[in-house]
Amino acid sequence: MKLRELQNTIRRLEHKYRRPPESVRLLAVSKTHPATRIAATAAAGQRDFGENYLQEALAKINALNDPRLVWHFIGPVQSNKTRPIAQHFSWVHSLDRGKIAARLNRHRQMTTLPPLNVLIQVNLGGERSKSGIAPDALMEFASQFHQWPCLRLRGLMSLPRPYTDFDAQRLQHRTLKQLFDTLIEDGYKLDTLSMGTSADMEAAIAEGTTLLRIGTALFGSRDHAGDESNTG
Ligand SMILES: *Cc1c(COP(=O)(O)O)cnc(C)c1O
């Protein structure tokens with residue numbers, strides 16, 4: 001899909017579900033796709049890009065060397081990778097452990113960059129294979145962020161089970177939105193709910209996402225990564 005077409009779809013769904021215009025932003029998930037595709041998408045106006053694999057991301061960040069681009073790390077954070085992540089990204093979506101938060105904070109402190117924007121990843125389905133904090137441990141984790149002044153807690157992220165049923169998708173997203181609202185009621189200044197991918201973007205918009213993480217619907221299948229046919 002072209003960027004323009006995807007933006008139009010998002011605007012149409014915002015209207016359908018009575019979301020304020022432009023309240024849903026797009027994070028272009030560019031993992032496995034080459035820097036040339038990112039450059040073309042950036043030329044069409046996209047600024048936020050998401051990557052999962054550090055080495056691949058650093059190669060592309062360096063190759064593009066474009067200060068307008070905003071890089072989001074959305075994959076699991078290994079503790080020996082916190083320094084380059086703190087140095088090269090503006091956002092981390094996948095924070096789920098205090099040990100990693102402390103390391104990212106320390107490494108961010110060594111830079112001249114503003115605080116790193118972070119989202120707590122929540123494991124809604126209780127799937128042991130997936131990263132993310134259990135919902136019942138979320139409040140306790142959120143309460144620790146005052147210790148980490150170089151991290152700015154902006155909200156929550158989840159990677160839900162891949163249900164194809166629309167109502168099942170909505171139910172999962174609603175659970176994350178409720179956790180988000182509870183934190184806000186408790187006084188946290190949060191503005192970012194990172195939920196919804198290519199397969200469940202409509203359900204996510206219906207339930208209050210503010211940041212869609214879209215790969216396949218924008219860049220095509222990752223099996224054909226490197227194919228330049230449907231750029232931008
Ligand atoms: C790959 C990935 C996406 C994008 O998924 P698509 O189905 O390609 O839209 C979103 N979020 C995370 C965490 C991912 O790893």
Side-chain angles (χ1 to χ4, degrees), residues 1-3 5-10 13 24-35 37-38 41 46-58 60-61 70-78 81 85 89-97 100 104 117-125 127-133 154-166 168-170 172-173 175-177 180 192-227 229-232:
M1 204 186 291
K2 297 251 193 289
L3 179 64
E5 216 179 307
L6 180 58
Q7 294 285 16
N8 289 343
T9 301
I10 294 171
L13 292 171
V24 179
R25 293 193 304 126
L26 172 64
L27 174 62
V29 177
S30 45
K31 63 178 178 218
T32 76
H33 298 290
R37 294 293 305 281
I38 298 173
T41 309
Q46 178 64 25
R47 291 293 172 263
D48 290 271
F49 291 89
E51 291 280 342
N52 295 54
Y53 311 107
L54 183 67
Q55 294 315 318
E56 180 196 336
L58 291 180
K60 289 190 260 187
I61 291 170
V70 179
W71 294 97
H72 298 238
F73 193 81
I74 64 172
V77 182
Q78 293 166 274
K81 304 282 169 60
I85 289 172
F89 288 81
S90 297
W91 288 76
V92 171
H93 288 224
S94 41
L95 199 57
D96 61 1
R97 278 183 290 160
I100 298 290
L104 286 171
N117 299 297
V118 298
L119 304 175
I120 297 175
Q121 182 173 355
V122 182
N123 183 347
L124 293 173
E127 293 158 280
R128 269 199 287 167
S129 59
K130 266 192 199 156
S131 24
I133 194 166
R154 298 287 295 267
L156 303 179
M157 177 273 222
S158 78
L159 187 61
R161 287 174 191 245
Y163 290 120
T164 50
D165 178 70
F166 185 64
Q169 291 178 351
R170 283 190 69 156
Q172 286 198 104
H173 291 318
T175 306
L176 191 71
K177 173 70 158 77
F180 182 70
T192 304
L193 193 52
S194 168
M195 64 182 197
T197 64
S198 300
D200 58 359
M201 63 182 260
E202 178 160 354
I205 291 172
E207 296 298 339
T209 184
T210 72
L211 188 57
L212 292 167
R213 304 183 309 269
I214 305 287
T216 311
L218 181 61
F219 295 114
S221 162
R222 285 182 284 275
D223 299 342
H224 302 283
D227 175 358
S229 60
N230 62 347
T231 291

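Counting starts at 1 for both ligands and their atoms, in listed order. For clarity, every value in this text was computed on a predicted model and none was experimentally measured. When reading the values below, keep in mind they use all heavy atoms of this one structure, side chains included, and skip hydrogens, waters and symmetry mates.
- In terms of heavy-atom proximity, Leu3 sits nearest to Thr41 at CD2-O, 3.9 Å.
- Heavy atoms from both the backbone and the side chain of Thr216 come within less than 4.0 Å of ligand 1.
- What sits closest to atom 9 (O) of ligand 1 on the protein, heavy atoms only, is Ser198 OG, 2.5 Å.
- In this structure, atom 12 (C) of ligand 1 lies nearest to the protein heavy atom Ile74 CD1, 3.6 Å.
- Evaluated for a side chain to side chain contact (heavy atoms under 4.5 Å, CB included) with Leu27, the options Ile214, Ile74, Val70, Leu212 yield exactly one hit, Ile74.
- Judged purely by atom type and a 3.5 angstrom limit, Glu51 has no side-chain atom pairing as donor or acceptor with the backbone of Glu56.
- The ligand atoms of ligand 1 that sit less than 4.0 angstrom from a heavy atom of Arg222 are 1 (C), 8 (O).
- A donor-acceptor pair under 3.5 Å is formed between the side chain of Gln46 and the backbone N or O of Asp48.
- The aromatic rings of Phe89 and Phe73 sit perpendicular, their planes meeting at an angle over 60°, well past the 30° parallel limit.
- In summary, the atoms of ligand 1 found under 4.0 Å from a heavy atom of Asn52, numbered by their order in the structure, are 14 (C), 15 (O).
- Distances below 4.0 Å separate heavy atoms of Ile214 from the following atoms of ligand 1: 9 (O).
- Heavy-atom separations between His93 and ligand 1 are all 4.0 Å or longer.
- Atom 5 (O) of ligand 1 has its closest protein heavy atom at Thr197 CB, 3.9 Å.
- Of all protein heavy atoms, the one lying nearest to atom 11 (N) of ligand 1 is Arg213 NE, 2.8 Å.
- A donor-acceptor contact shorter than 3.5 Å is absent between the side chain of Ser94 and the backbone of Gln121.
- Considering backbone and side-chain atoms together, Gly215 places an N or O closer than 3.5 Å to an N or O of ligand 1.
- Looking from atom 2 (C) of ligand 1 to the surrounding protein, the closest heavy atom is Lys31 NZ, 2.6 Å.
- Closest of all the heavy-atom pairs between Tyr163 and Gln169 is O-NE2, 2.7 Å.
- Remark: side-chain polar atoms of Asp200 are not paired, donor with acceptor, to backbone N or O of Ala203 under 3.5 angstrom.
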